[in-house]
Structures are given as structure tokens and as C-alpha cells.
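Numbering of ligands and ligand atoms starts at 1, following listing order.
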Amino acid sequence: MRVLVVGGGGREHALVWKLAQSSAVREIFCAPGNAGIASLARCIPIEADENEKLLDFARSQDIQLTVVGPEAPLMAGLTDLFRENGLCIFGPSQKGALLEGSKSWAKDFMVRHKIPTGDFKVFSSPNDALSYLQKASYPLVVKADGLAAGKGVIITRDFSEAALAVKRILEQKEFGSSAGEKIVVEEFLEGEEVSVFAVTDGTTYVVFPPAQDHKAAFEGDTGPNTGGMGAYSPPPALTPELEEEVNKKIFDAVISGFQAEGIDYRGVIYGGLILTSRGIKVLEFNARFGDPETQVILPRLKSDLFPILYGAAKGDLSSLAPPVWYPGAAVCVVMASEGYPGKYEKNKVIYGLEKTKEMENCFVFHAGTAFQNDRIVTSGGRVLNLTAWDFSLENAVKRAYDLTGKIEFEGMYYRKDIAYRALQRK
Ligand code: GLY
């Protein structure tokens, strides 16, 4: 099989790495890829949002499976375009991707299908929002309605903060014009967050192990929100009983909801959940694998990834053998550029990558990296995902941090407390 992976971050490196181990996969292409992916796949200079170019490429190269990594191409209708042209692609339709692409649509969907989530109200007029917020009790969460790279969620402690959030989103359009058309005002839920994943063919689904992300930039969950500064799997907070509950109350309900509404969904349902004293609730859904969660989940997959993605894309997972997972734990520490998630410099030479090559059960997944002459340099905010697997979480943490000691680039920073919640429980 010839496979095309769309995207160029750490998640896509992990997907390419795992697909490259499949005996069913003959050649992998990645659009646009990065300097790490280039050692496993042919990187092609097409951006993830260039739908027509991706279609032309897949047709001309006889690609038998395309796997979409990021959310933006899903929202831009890439899967619909490929399917209209008879090509096999992993990812939900544009309508299905609204689960991530519109927070108000997702909230209404959850209400329609009795999926547990926080109370909320939706506003498009700043005046209506302000008169509601004036009388509300705090804290409250104000969310931009569309894709905002994880940045459009603002926790507000009083009316003045909420009014500022309304101004930033609806008036100044800080998170883009489409994300700034509506806001969702939501009750603030307290508890531990976990990320859960189901791969579905639209009828049945396969559950992947859960993970816990670390969204804040700095230790102790302080500082601005990022795309994710590290992850580990499995998080002990999600007990086997709770996993059962997630399947019944969330994944079953989402899939039967899609079926009832005639939505073609062949891809990942990513539930961003919170474990509150009033039970599990959905904070948000995403329509693709998590980043950096994928970087800790795929090293735990012992069996082949290809039949899972191909079966889902074809709309038939009924004959799939249950995936086999390694025991133990995996931990990923994200190395980022100074200034991220704000402004940062690029083109800093990355030293030490060769020292990580022989470290057993250690994986360096590249995110924002590129070649400059024959050197590898930084090209993004999140640069590398240093991942380690071991039989115990403690050892996996230690080994992931051993990896950080090998790498150097100007301005690099990373959180020193990945997996702290799980370690504190012990
Ligand atoms: N790790 C958060 C996300 O993938 O959206």
C-alpha cells in the first residue's frame, strides 16, 4: 500500500513511525512533513490546507490510504473532496468535523444526544452576552466558537474579565473572524482532565488507551495555554470502571448520534474529559488524534496501526482483530522555542539528536524542525517530542528526562513536571 499522511507535527511523525512498521505499507509520503519524518517517508512540499494539490498528488501517485493529522483540513472539507473522487481517506467529513470546529454545534449535539457536559449559553451579540454576564456567578469559561489552536478558551473570575473576553473574541476577532462569530459561555468545571480516543468506522469503534496532556506552558499548570507541553499514558485517574462509563455515555452516544443525523464519521473521536465530583463530563471534542497524546499512545501499540486506520477509512472495522497494547507507561516531554505560545525565533541549530538514536524504547518525534543545508534547525514553537516507554511510569518519566539532557538548541524550554499528577498519587 502507498500511504499519504497529511500534516507535519509530532503527531504526524508518530503516525508515520508506526505505519512504517506495517508489513502492509510499502511506501509513505507526508505533506509537508518535517526533518524527522523525512527519515521514514518522502516529504512533499504541499501544505496541509492545499486540498486540490493533495488530491492531485494522491491521484497521480496511486495513494491507497490518506491519513489526515490536523483539524484544519478536516474543517476545510479534504475528506469530502477525496471521497467524491473515489479515494480512501481517514478522517471525518466536514460536517462530522464540526464536533471540533464549532463549539456551539458540539454543545448542541451533546444536548441532543444526552452526552454529559457543562451547562452553557451561546451568544453572537456582544450586548446580549454582556447583559447575561453581568448577572452571572463566577468563575465562567468564555470560548471562541471556532478553531483557535487551543488558545480560544478564557477562564474568567469576574464580570470585568468576562467582558474583556467578549471584546477579544467577538469584537477584536483575536482568534480569527470565523471563530469570532459566536461565543460559548460555559460553567467552570473542576477536576482532573484526561484525553480519550476512539477510532470509528461510523458504526463500531476501537478504543485507544487514554492519556493526560499538559496544556499550560509552565510547571504546575501555570502560564498561557499551548497546544500541549507533554503527555503520559495511561493516567491512573481514569480507572477501568470510568473507562467503561466513557464508552457507554460518550462514545456509544456520539456514534449513534452521528448515525441518527446521517453524518459520515470515519476517523478519531477525541474526548477532552474532566472527572468532576458530579461525574465525567465532556469539556470538548476534537475530530483527530491529540498532539502530543499520540506520541505516547502509539509507542504503546504492539499490533499494526494500518488495519485500524484503513478499516475505519473504508467504513468497516467489523473484522479487525482487537489491537494489542504494551503494558507499562509512556511519557512525552515537549521541547519548545523560547516565547512559544507567543512569538519565537526559528532556525536555531538543534544539537545532540544523534546521541538519542541508540537509547532503547526512546523516541524523538519531531514537530517544528526543518533541514537547513545538512543541519536540522527549529522551525516551529513546539520543536521536539522526547518520548520514552518503560514498565513503570516513574522509569518512563526518568528516561524521557534523560533524553532532554542530550538535546540542545538556543532558547529551548520544557516543563520539568510532566506526569506530576500521576506521580503524586503514588
Ligand atoms: N493536546 C491537545 C490537542 O491535541 O488538542
Q | cation_pi(Lys248, Phe251) dist<6.0 Å, angle<=45 | A | no

Assign the ring pair Phe90 / Phe289 to parallel, tilted or perpendicular, where the plane angle (0 to 90°) is split at 30° and 60°. parallel

Under 4.0 Å from ligand 1, residues with heavy atoms, in chain and number order, are Asp213, Gly227, Tyr270, Asn286, Arg288, Gly290, Asp291, Pro292, Glu293

Taken in chain and number order and not counting sequence neighbours, the residues that satisfy ring-ring contact (aromatic ring centres under 6.0 Å, His included) with Phe258 are Phe109, Tyr265

| Would you call Arg112 and Asp108 a salt bridge, using N to O less than 4.0 angstrom? | no

Taken in chain and number order and not counting sequence neighbours, the residues that satisfy side-chain contact (heavy atoms from CB on, under 4.5 Å) with Ala211 are Ser233, Glu293, Val296, Ile297

Across all chains, not counting sequence neighbours, the ring-ring contact (aromatic ring centres under 6.0 Å, His included) partners of Phe306 are Tyr310

